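To keep things clear, I will list the structure first and then write my remarks on it.
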Amino acid sequence: MKAIVDCNSFYCSCERVFRPDLEQKPVVVLSNNDGCIIARSKEAKAIGIGMTGPYFKAKPLIEKYGVEAFSSNYNLYGDMSWRVMETLKTILGENKVEVYSVDEAFLDVHGFTSAQLQTLAKEIKNTIEKWTGVKVSIGIAPTKTLSKLANRISKKQDGITVLSDDNKIIHALQSTSVNDIWGIGHQYKEKLLNFGIYTAWDLRNLSEEWARKNLGGVVGIRLIKELNGQEAIVMDKDLTNKKMIATTRMFGNAVTDLADIKEAIATYTARAAEKLRRQQSAASIISAFVVPKENTTAPHFTHGPSISTYTILPQPTSLTNELIKPAMKMADQLFEAGKKYKKAGIVLSGLVPDSCIQANLFTPGRSIGRYLMEMIDNINFSMRDDMVKFASSGTKRNWKMRQAFHSPRYTTRWNELYEIS
DNA sequence: TCTGGGGTCCTAGGACCC
DNA sequence: TCTGGGGTCCTAGGACCC
């Protein structure tokens, strides 16, 4: 059996832990740049604020009902997430917990009776709420896909749903629309509806062959298996090392200057290189892209094409300066004078273990570079806020994003600690 | 006026090899 | 005049997730 533990309106819950006055009130959290709504409390959903809609469109509603809006505070959410995950590991043991996202974890819970699972779920739920202040919902079922379904149902009940026998599972499948299944997105939903497949139950009864043809090959087959109670999506014990690392941002305002673009790309490169070193990898490919701001009258928002290029590095590296150099060259290539840009980013791929630490006997110059990076990382980690930067990252930062409603980083900055008066 | 920022996995098809 | 068949590797792009 698999369980999934999911934090309710996670970002909103994090803000509320330190603002108990907002307990029963509508709260939303905005994306970077205060562009989109990315989390809504139950109360905010109830007054009709849509998911991932643009903030400006919801603004009338937000003002009318006095909804509390926060800019995203990833320092706070990251730390709260760590607390929740550590709590789970304390209860079940490290190797039973697979952290799936910032607010979700799968648990391996085989070998329990149905009644024991209920008790266990209650214990987990209560402990997390007590230790961290975050409320969670728990779904338990034979496979990951079914446990996600159980979790969905639990949100409408008391936060715990165990689908332990066939009757319960069948009933759950029959009362769930096909697009509410984990793994069915917008495209597949349309396709399935065209075939007259409306519920999870309809989908479960299709053949694997059909799924192979129509739902993305082996992905579709896995889905059908999972709905039928056969585990096809395995626990992944080691999600710590990424296969690619990206840092991309929308600009606060459209940018027209090459110098600004280069500052931004240098900053993103430095950030990505930091992530790279944290997992002790080196990158063999760096790509850069910019997204021009289009004058569109299209009714639906589209991201527009991005213009990109890449550089294959002479040897894999994790040194910021060795990554910034090609990044700057690519920025020169991508930039067109007279155009406005709204976004830029870099992606590091072809990641390999950073052998520089051992190989320094033959390339002594590089090991000095590695020590320098370690020092910079340590200083930036202890002092925070990028005390030490590369000159190309700039100091003006005309392109920086807007964040008008930022809450204090209560748990990760001494000078922003919660105060009781 | 204003619409995020990460990631993963998979497939098709081209390039290339013998 | 006639121009195979099988395999690998790589990339672009699609689909999904939170």
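Keep in mind that this is a model prediction, so the values were computed, not measured. Order of the sequence lines fixes the chain letters, A, B, ..., with proteins taken first and strands second; residue numbering starts at 1 for each chain.
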Hey, can you pull the donor-acceptor pairs under 3.5 Å for the side chains in residues 82-89 of chain A, sequence neighbours left out?
residue: A/Arg83; atom: NE; partner: A/Asp79; partner atom: OD2; Å: 3.1
residue: A/Arg83; atom: NH2; partner: A/Asp79; partner atom: OD2; Å: 3.1
residue: A/Thr87; atom: OG1; partner: A/Arg83; partner atom: O; Å: 2.7

Nearest-nucleotide comparison on DNA chain B, the residue closer to the 5′ end among A/Phe251 and A/Gly216: A/Phe251
Sugar-phosphate, base or nothing in reach of A/Asp103, heavy atoms under 4.0 Å: sugar-phosphate
Touch class at under 4.0 angstrom, heavy-atom based, for A/Thr247 against every strand present: sugar-phosphate
For A/Phe195, ring-ring contact (aromatic ring centres under 6.0 Å, His included) partners two or more places apart: A/Trp210
Side chain to side chain donor-acceptor pair (under 3.5 Å) involving A/Arg222 - partner list, sequence neighbours excluded: none
Touch class at under 4.0 angstrom, heavy-atom based, for A/Arg212 against every strand present: nothing
Sugar-phosphate only, base, or nothing, as touched by A/Lys243 at under 4.0 Å among non-hydrogen atoms: sugar-phosphate
Sorted by number, the residues of residues 178-188 of chain A with heavy-atom contact under 4.0 Å to DNA chain C: A/Ile181, A/Trp182, A/Gly183, A/Ile184, A/Gly185, A/His186, A/Gln187, A/Tyr188
Atom OH of A/Tyr198: over 12 foreign heavy atoms under 6.0 Å: no
Touch class at under 4.0 angstrom, heavy-atom based, for A/Lys189 against every strand present: nothing
Sugar-phosphate, base or nothing in reach of A/Lys275, heavy atoms under 4.0 Å: sugar-phosphate
Set of salt bridge (charged side-chain N to carboxylate O under 4.0 Å, His left out) partners for A/Asp180, sequence neighbours left out: A/Arg152
Given DNA chain B, 5'-ward residue of the pair A/Ser31 and A/Val219, judged by closest heavy atom: A/Ser31
Separation of the C1' atoms in B/dC17 and C/dG4, to the nearest angstrom: 14 Å
Listed partners of A/Asp21 passing salt bridge (charged side-chain N to carboxylate O under 4.0 Å, His left out), at least two apart: A/Arg19
Side chain to side chain donor-acceptor pair (under 3.5 Å) against A/Ser71, all qualifying residues, sequence neighbours excluded: A/Asp34
Set of side chain to side chain contact (heavy atoms under 4.5 Å, CB included) partners for A/Ala46, sequence neighbours left out: none
For A/Asn151, side chain to side chain contact (heavy atoms under 4.5 Å, CB included) partners two or more places apart: A/Ile4, A/Asp6, A/Ser137, A/Ser154, A/Lys155
For DNA chain C, stems built from three or more consecutive Watson-Crick or G-U wobble pairs below 3.5 Å: B:5-18 with C:5-18
Sugar-phosphate only, base, or nothing, as touched by A/Val102 at under 4.0 Å among non-hydrogen atoms: nothing
For A/Lys325, all residues meeting salt bridge (charged side-chain N to carboxylate O under 4.0 Å, His left out), sequence neighbours excluded: none
Covered region of DNA chain C, 5' end to 3' end, by chain A [heavy atoms, under 4.0 Å]: C/dA15 to C/dC18
Sugar-phosphate only, base, or nothing, as touched by A/Asn32 at under 4.0 Å among non-hydrogen atoms: sugar-phosphate
A/Arg16 and A/Val27, any side-chain heavy atoms less than 4.5 Å apart: yes
